[in-house]
Amino acid sequence: MNDPILRISDLHISFHVRGGEVQAVRGVNLDVKRGESVAIVGESGSGKSVTAQSILRLIPTPPGEYKQGTIEFMGQDLLAKSEKEMEAIRGHEIGMIFQDPMTSLNPTLTVGRQISEVLIKHQKLTKSQATARAAELLTLVGIPNAADRVRQYPHQFSGGMRQRVMIAIALACNPALLIADEPTTALDVTIQAQIMKLMKELQEKTGTSIILITHDLGIVAEMCDRVVVMYAGKVVETGTKQEIFRNPQHPYTRGLLRSLPRLDHKKDEPLVPIFGTPPDMSAPPKGCAFCARCDEAMRICVDNDPVNYTISETQTARCWLHDPASKEGASA
Ligand code: SF4
């Protein structure tokens, strides 16, 4: 049996701002198994990045607040850890790749030094061992002349190469879990494809689990085993990649699939945007948060937050359309 390496249960995260409390994450449940790639998709503000950052406890508190729930990683409760204990986990057991490598890399240190520091800190390598391993890692992520390039600074690398360096740093300690938050958004399409291919290959080699935050369904189709769809701070649908692409069960997922380009997109099939905007999370609606934008909304949806319905062993959808009563027209 493949037990989850990560289990998030009933996670609630708010931000206290001048206008009040923004409820960014409202009861998220999420499991990731060993060696599995899970995509979290949703519009901006859906809570996907906040959820991902919370795993590494990167949410500043204040203004953020972990209000409720647990994040269990390999049997450890991450929300109960001290900052010092989290520092030992970040970059060692859990790696993270951010959207913009230029803001994550230190411009004043050579690339080799930045990789070596992680190895010296977490793997207790000597300086010369770490430098040699840094060059090996650069080669592994497809950077030519690695022995020379370890001595260069981030500005001497192209955008795609810098992202490869970030992947090398994230993978330096063979993390059990890699979190990639929009890792290729700033790159052009060809480089995006190369980086995603590289991540997939490295995952197959190392068995690392991946959480990929993205709005690019083409990348999801290429990379991931399972998809988690978030809307207004909640998981509204989960399923295998096949279930989500071929048989979506939540109107928001269907809207996303119609509105975003995919690899199998047919030229004559127009993209249809989801009308309206997500709700104000400082005053989330009482009923279904998607109600004002949903063309299948029923009376029950206005005042009652839908429960999570099991569609298959691997698929769930948080929508009243799956309530047996709605099929009988009782709630319309
Ligand atoms: Fe639409 Fe109602 Fe389902 Fe919400 S619960 S997605 S409003 S049908």
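Atoms within a ligand are numbered from 1 in the order they appear, just like the ligands themselves.
Nearest heavy-atom pair, A146 versus L138, reported as atom, atom and distance to 0.1 Å: CB-CB, 3.7 Å. Counting all heavy atoms, side chain and backbone alike, L217 lies closest to L257 at CD1-CD2, 3.6 Å.
With hydrogens left out, the protein atom closest to atom 2 (Fe) of ligand 1 is C301 SG, 2.3 Å, a heavy atom. Atom 5 (S) of ligand 1 has W320 N, 3.3 Å as its closest protein atom, hydrogens excluded (heavy atom only). Nearest protein heavy-atom neighbour of atom 3 (Fe) of ligand 1: C319 SG, 2.3 Å. Summary of contacts: the protein heavy atom closest to atom 4 (Fe) of ligand 1 is C288 SG, 2.4 Å. Nearest protein heavy-atom neighbour of atom 6 (S) of ligand 1: H250 CE1, 3.5 Å.
Using bins of under 30°, 30° to 60° and over 60° for the plane-to-plane angle, the ring pair F290/Y252 lands in the perpendicular bin. Using a 30° and 60° split on the angle between ring planes, Y153 and H155 fall in the parallel class, below 30°.
Taking the charged nitrogens against the carboxylate oxygens, E43 and R293 do have a contact shorter than 4.0 Å, which makes a salt bridge.
Not a single N, O or S atom of C294, from either the backbone or the side chain, sits less than 2.8 Å from atom 2 (Fe) of ligand 1.
Residue contact check: A297 has heavy atoms under 4.0 Å from atoms 7 (S) of ligand 1.
Neither the backbone nor the side chain of R318 has a heavy atom within less than 4.0 Å of ligand 1.
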Evaluate the side chain to side chain contact (heavy atoms under 4.5 Å, CB included) criterion for residues D10 and T70: first the C-alpha distance (whole Å), next the side-chain angles of each, then the deciding distance (0.1 Å), finally the verdict.
CA-CA 7 Å; D10 195 28; T70 54; over 6 Å; no
